[in-house]
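All residue numbers in this chain count up from 1 along the given sequence. Computed over heavy atoms, backbone and side chain alike; hydrogens, waters and symmetry mates excluded. Note that the coordinates shown come from a computational prediction; the quantities given were computed from them, not determined experimentally.
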Amino acid sequence: MKEVQNDSGLPLKPVYSAEDRNGEEPLPGSFPFTRGIHKDMYRGRLWTMRQYAGFGTAAESNKRYRFLLQQGQTGLSVAFDLPTQIGYDSDDPMANGEVGKVGVAIDSLEDMETLLKDIPLDGVSTSMTINATAAMLLLLYQLVAEKQGCPPEKITGTVQNDILKEYAARGTYIFPPKPSMRLITDLFSYCATSLPNWNTISISGYHMREAGSTAAEEIALTLSHAIAYVQAAQAAGLSVDDFAPRVSFFFACHMDFFEEVAKFRAARRMWARIMRDRFDARDPRSQALRFHTQTGGVTLTAQQPLNNVVRTTLEAMSAVLGGTQSLHTNAYDEALGLPSENAAEIALRTQQVIGHESAVPYVADPLGGSYYVEQLTDRVEEEALAIMAEIDELGGAVSCIETGWTQRRIADSAYRTQRRIESGDRVVVGVNRYTETASPPVEIMKISPRHQVAQARALKKLRAGRAQAAVDRHLAELERAARGTDNLMPPLKAALADYVTIGECCRVLRGVFGEYRPGEAA
């Protein structure tokens with residue numbers, strides 16, 4: 001009989017029994033949190049339904065956010081365009097052709113005010129998928145919240161702020177690793193005193209999984225990056241239990257249903273032990289791995305796109321069974337373009353049907369005790385721990401990125417998966433099997449070039465209305481802080497409050513820190 005393997009290449013037996021189990025796990029809410037971080041999980045409150053959205057101008061994105069909130073979404077998730085992600089204003093030549101394309105264009109406080117207009121920030125939790133410029137986008141969000149009269153403790157949400165995975169798998173970095181890590185730990189320190197309920201980092205395995213890593217590699221690389229952040233924070237003088245309770249994670253959820261459930265369970269158990277045994281964290285909140293999940297983008301197909309509704313539903317269900325704290329479900333048309341309003345609504349309804357009609361949320365960890373799931377949890381953990389041990393031997397996560405080891409490992413796994421698809425060993429319905437049916441046409445959402453013209457015009461008007469002497473003073477103070485050791489958040493906040501742009505701030509920081517080029521050391 002031919003051996004059957006899952007997507008990670010692990011051989012699967014036809015049946016599992018009590019002999020495959022490795023002891024009983026403590027109940028949900030108890031260390032090491034394998035079965036969930038809360039004792040009753042979703043009985044008290046469902047996961048946050050946080051649909052990722054943003055395109056074109058701030059005004060258009062605000063309209064989409066208010067639509068999703070009216071449809072029952074319980075948290076915002078902001079997508080930014082590439083110029084915003086890498087610190088260029090919309091009128092910069094480097095931004096040409098990319099303004100508003102893969103997310104919303106945010107150049108200044110004026111744009112953030114428009115983006116969040118009529119959205120009460122004291123009652124909405126917001127996730128911002130931003131890394132190199134995370135400090136600036138968080139400060140803009142805080143400034144808008146303050147203008148609304150929102151007290152600091154009610155400003156809630158998450159900023160991704162995970163630069164290591166940008167070097168490893170995605171590419172929207174600006175500065176070399178060392179100053180980038182300084183910005184991250186400055187943000188940790190600032191939030192500890194100024195924004196006590198803000199999640200200061202969402203350490204992301206999602207993009208490495210999308211780039212081709214296996215499930216075990218995803219959690220191994222993610223937790224190794226998390227270790228690097230904790231070490232950097234400690235080196236900056238922060239106590240682990242002062243910042244670790246606000247650390248969160250972001251994982252992908254792909255099509256190997258049971259392995260994804262096992263992956264989430266293994267990640268929780270591993271993180272709890274790392275924090276207790278390696279970093280001597282004593283606060284249970286520091287030990288509990290909280291995570292957001294997004295269904296797989298690379299699992300979606302342009303062929304027969306309505307099949308993607310089924311794929312997303314299965315992935316969302318495994319995320320819920322795995323104990324996620326918040327969830328984004330991809331739209332069926334995302335292999336073709338930005339989500340249409342109709343597709344975004346169906347994606348949200350998918351979560352709502354699972355949450356309110358399936359009865360799955362009534363029991364914490366309903367797959368706990370499954371011979372197969374428990375054994376698969378152990379195997380994913382064993383493989384991930386072996387990868388993490390190799391990373392430690394090679395000098396840690398940052399060193400592995402700088403030498404290209406991480407990137408090569410992800411690329412090798414992606415190549416193996418692609419070979420399986422091309423050979424037909426890995427079936428993708430509508431792509432390499434059952435391809436005869438013609439798909440109904442899907443309307444593709446497109447972003448007009450007029451957005452760039454409008455943004456450039458607005459920037460010109462903004463700059464004309466500012467006091468240039470104040471702008472120059474703020475930028476000089478930012479440069480002085482960057483050349484020294486002061487926390488960069490206060491001078492950045494002062495500058496942004498006076499409508500200095502993100503691009504202007506980043507130009508100063510580029511002048512001090514330089515820009516990262518692949519293959520260069522820190």
Side-chain angles (χ1 to χ4, degrees), residues 36-38 41-42 44-54 58 61-62 64-80 103-104 106 112-113 115-131 134-135 137-162 187-188 190-192 194-204 206 243-251 285 288-295 316 319-320 323-329 344 347-348 351-352 354-356 361:
I37 63 170
H38 304 299
M41 286 306 291
Y42 305 126
R45 189 183 73 178
L46 291 178
W47 62 91
T48 302
M49 299 180 188
R50 194 188 298 281
Q51 291 301 111
Y52 185 51
S61 294
N62 172 265
R64 174 66 64 87
Y65 296 151
R66 287 189 286 113
F67 168 78
L68 288 168
L69 289 169
Q70 289 164 3
Q71 302 309 310
Q73 176 174 294
T74 53
L76 297 179
S77 184
V78 182
F80 298 98
V104 62
I106 299 293
M112 189 64 90
E113 289 167 338
L115 184 73
L116 301 172
K117 188 174 186 290
D118 297 326
I119 296 174
L121 300 186
D122 59 354
V124 173
S125 169
T126 301
S127 170
M128 295 191 287
T129 304
I130 195 73
N131 297 284
L137 272 301
L138 172 58
L139 291 168
L140 290 176
Y141 188 89
Q142 180 186 8
L143 287 165
V144 173
E146 288 175 349
K147 289 192 174 193
Q148 290 186 2
C150 180
E153 63 275 10
K154 288 199 171 184
I155 301 175
T156 60
T158 304
V159 67
Q160 193 163 96
N161 197 29
D162 174 12
L187 189 150
F188 284 179
Y190 175 82
C191 288
S194 300
L195 293 172
N197 291 316
W198 189 267
N199 295 320
T200 54
I201 192 168
S202 178
I203 305 164
S204 175
Y206 182 87
F243 67 87
R246 306 315 305 171
V247 169
S248 63
F249 292 81
F250 173 24
F251 293 117
R285 298 174 304 160
L289 183 146
R290 297 170 301 113
F291 68 99
H292 169 74
T293 308
Q294 181 172 340
T295 58
V320 171
T324 193
Q325 275 61 69
S326 70
L327 178 61
H328 164 87
T329 33
L348 175 59
Q351 294 199 51
Q352 292 167 334
I354 293 172
H356 298 289

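For the pair Met112 and Leu143, the minimum side-chain heavy-atom distance is 4.5 Å or more. Residues Arg66 and Gln71 are not in side-chain contact: their nearest non-hydrogen atoms beyond the backbone lie 4.5 Å or more apart. With contacts defined as side-chain heavy-atom distances shorter than 4.5 Å, the pair Cys191/Leu138 qualifies. With contacts defined as side-chain heavy-atom distances shorter than 4.5 Å, the pair Phe291/Thr324 qualifies. In this structure, Phe243 and Thr200 have side chains that are not in contact, with every pair of non-hydrogen atoms separated by 4.5 Å or more. Between Met49 and Thr329 the shortest side-chain heavy-atom distance does not fall below 4.5 Å. Between Gln351 and Leu46, every side-chain heavy-atom pair lies at or beyond the 4.5 Å cut-off. Within the 4.5 Å cutoff, side-chain heavy atoms of Ile130 are placed close to those of Val159.
Closest of all the heavy-atom pairs between Arg246 and Asn199 is NH2-OD1, 2.8 Å. Across every non-hydrogen atom of Asn161 and Ala134, the tightest pair is OD1-CB, 3.6 Å. In plain terms, the two heavy atoms of Leu187 and Ala135 that are nearest each other are CD1-CA, 3.8 Å. Gly355 and Pro361 get closest at one heavy-atom pair: O-CG, 3.5 Å. Pairing each heavy atom of Tyr65 with each of Leu76, the nearest pair is CB-CD2, 3.8 Å. In plain terms, the two heavy atoms of Trp198 and Ile155 that are nearest each other are CE3-O, 3.7 Å.
Ring geometry for Phe250 versus His292: interplanar angle of 30 to 60°, hence tilted.
Here the straight-line distance linking atom OG1 of Thr48 with atom CG of Leu327 works out to 10.0 Å at 0.5 Å rounding. Here the CD1-CG distance, from Ile203 to Leu289, works out to 8.5 Å after rounding to the nearest 0.5 Å. Note: Lys154 NZ to Gln148 CD = 12.5 Å, rounded to the nearest 0.5 Å. Between the CG atom of Leu348 and the CZ atom of Phe67 there is a distance of 8.5 Å, given to the nearest 0.5 Å. Atoms CD1 and CG, on Ile106 and Leu140 in that order, are 8.0 Å from each other to the nearest 0.5 Å. Within the model, atoms CG of Leu195 and OH of Tyr141 stand 10.5 Å from one another, a figure rounded to the nearest 0.5 Å.
When Asn131, Thr129, Asp162 are each tested for a side-chain contact (heavy atoms from CB on, under 4.5 Å) with Ser204, only one passes: Asp162.
Looking only at distances, no side-chain donor or acceptor of Arg290 sits under 3.5 Å from a matching main-chain atom of Arg285. Judged purely by atom type and a 3.5 angstrom limit, Ser248 uses its side chain to pair as donor or acceptor with the backbone of Ile201. A distance-only check finds a donor-acceptor pair linking the side chain of Asn197 to the backbone of Glu153 [under 3.5 Å]. A donor-acceptor pair under 3.5 Å is formed between the side chain of Arg50 and the backbone N or O of Ser125. With Gln142 contributing its side chain and Pro152 its backbone, the two residues share no donor-acceptor pair below 3.5 Å.
Between Gln160 and Tyr206, the side chains place no donor N or O within less than 3.5 Å of an acceptor N or O (distance only, hydrogens not considered).
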Val320 and Tyr42: CA distance, side-chain angles, deciding distance, side chain to side chain contact (heavy atoms under 4.5 Å, CB included) verdict: CA-CA 9 Å; Val320 171; Tyr42 305 126; 3.6 Å; yes

